[in-house]
Amino acid sequence: MRRRSGFGWLELLIGIGLIALGILAFAKPDFALTSLVFAYGIAAVVMGIADIVLYIQVEHYTGFGPVVSLVSGILSVMSGMMLLVYPRAGAMVLTLLFPIWFIAHCISRLAHQQHIRQIAGSGMHTLTLVINIFGLILGFMMLLSPLFTLATLRSFAGIYLILLGVDSLLMAGSRMGMRR
């Protein structure tokens, strides 16, 4: 008997939102930085909530993965709330928060690779692994060079947000169709 997981729907909504945000980063190059900060704040809060939900779902597992998901979720929600409450200050510190958000989310996903393989199979496992390693490299490049972050934020963020969105859509499809 097939049962749909509520988390699959959350991943689906996150995927659609991230792809839309990534496309927006390309479509409106003159888009005000404070508006981008606000949009990224919303995305960080939603993704943080998703990481916390993932922690709740897998908390009975032992190991490093569930705790990393909880910490990543809390950091994402905190970062997102700061961006939403103080968008002007967020624009100034975006060069630090955005890379930290990328790194935290990628580490969370990488810590769950075994769980992803069990749920979605080896193809999704490999795709998620590659996307999140790319995200870690990008996150550290942005963290080490704030000027790089400012110069490339829109392009790299747009590409990465679209990749994260595709990853979430694929995870939603595999989670929604899984057998229990």
Side-chain angles (χ1 to χ4, degrees), residues 6-57 59 66-112 131-132 134-136 138-169 171-172 175:
F7 189 68
W9 286 104
L10 181 60
E11 284 284 327
L12 177 69
L13 293 174
I14 289 170
I16 292 169
L18 289 172
I19 290 172
L21 191 57
I23 292 169
L24 183 64
F26 284 114
K28 301 278 188 179
D30 57 344
F31 200 49
L33 184 57
T34 54
S35 296
L36 280 175
V37 167
F38 187 74
Y40 290 133
I42 292 171
V45 169
V46 171
M47 289 176 65
I49 291 169
D51 282 342
I52 293 169
V53 168
L54 181 61
Y55 167 77
I56 292 168
Q57 288 183 339
E59 71 180 326
V67 174
V68 169
S69 184
L70 178 63
V71 171
S72 171
I74 291 169
L75 287 173
S76 289
V77 170
M78 288 172 51
S79 297
M81 291 305 295
M82 196 288 292
L83 292 173
L84 292 172
V85 174
Y86 302 107
R88 289 186 192 260
M92 290 183 266
V93 297
L94 187 62
T95 59
L96 179 63
L97 287 180
F98 199 64
I100 290 172
W101 173 51
F102 264 46
I103 292 167
H105 185 72
C106 291
I107 289 172
S108 174
R109 288 291 176 132
L110 289 171
H112 290 92
I131 287 172
N132 287 291
F134 172 72
L136 275 177
L138 177 60
F140 280 109
M141 286 173 62
M142 288 190 296
L143 193 60
L144 295 173
S145 175
L147 291 177
F148 172 77
T149 304
L150 288 174
T152 61
L153 182 64
R154 183 179 61 243
S155 298
F156 280 126
I159 290 167
Y160 188 66
L161 288 167
I162 290 170
L163 288 174
L164 275 178
V166 169
D167 179 52
S168 290
L169 289 177
M171 283 297 294
R175 299 270 310 178

Self-check item: Rounded distance [0.5 Å steps], CD1 in Ile103 versus OG in Ser108
Solution: 13.5 Å
Report all side-chain donor-acceptor pairs from residues 162-169 shorter than 3.5 Å, counting only partners two or more places apart or in another chain.
from: Asp167; atom 1: OD1; to: Thr128; atom 2: OG1; distance (Å): 2.9
from: Asp167; atom 1: OD2; to: Arg109; atom 2: NH1; distance (Å): 3.3
from: Ser168; atom 1: OG; to: Glu11; atom 2: OE1; distance (Å): 3.3
from: Ser168; atom 1: OG; to: Leu164; atom 2: O; distance (Å): 3.2

Quiz item: Does Ser76 use its side chain to pair, donor to acceptor, with the backbone of Val45 at less than 3.5 Å?
Solution: no
Exercise. State, yes or no, whether a side-chain contact exists between Leu18 and Met47 at a heavy-atom distance under 4.5 Å.
Key: yes
Quiz item: What's the spacing between Leu138 CG and Ile131 CD1 if we round to 0.5 Å?
Solution: 13.0 Å
Practice problem: Mind listing the closest non-hydrogen atom pair of Ala44 and Gly80 along with its distance? | Solution: CB-CA, 3.7 Å
Practice problem: Walk me through it: do Leu75 and Ile100 pass the test side chain to side chain contact (heavy atoms under 4.5 Å, CB included)? | Solution: CA-CA 9 Å; Leu75 287 173; Ile100 290 172; 5.5 Å; no
Practice problem: Tell me, please, which residues at least two apart from Ser79 pass side-chain hydrogen bond (donor to acceptor under 3.5 Å, both in side chains). | Solution: none
Quiz item: Between Leu136 and Ile107, what is the shortest heavy-atom contact and its length?
Solution: CD2-CG1, 3.9 Å
Quiz item: Of the non-hydrogen atoms in Ser72 and Asp51, which two are nearest, and what is the gap between them?
Solution: OG-OD2, 3.0 Å
Quiz item: How long is the span from the CE atom in Met142 to the CG atom in Leu144, to the nearest 0.5 Å?
Solution: 11.0 Å
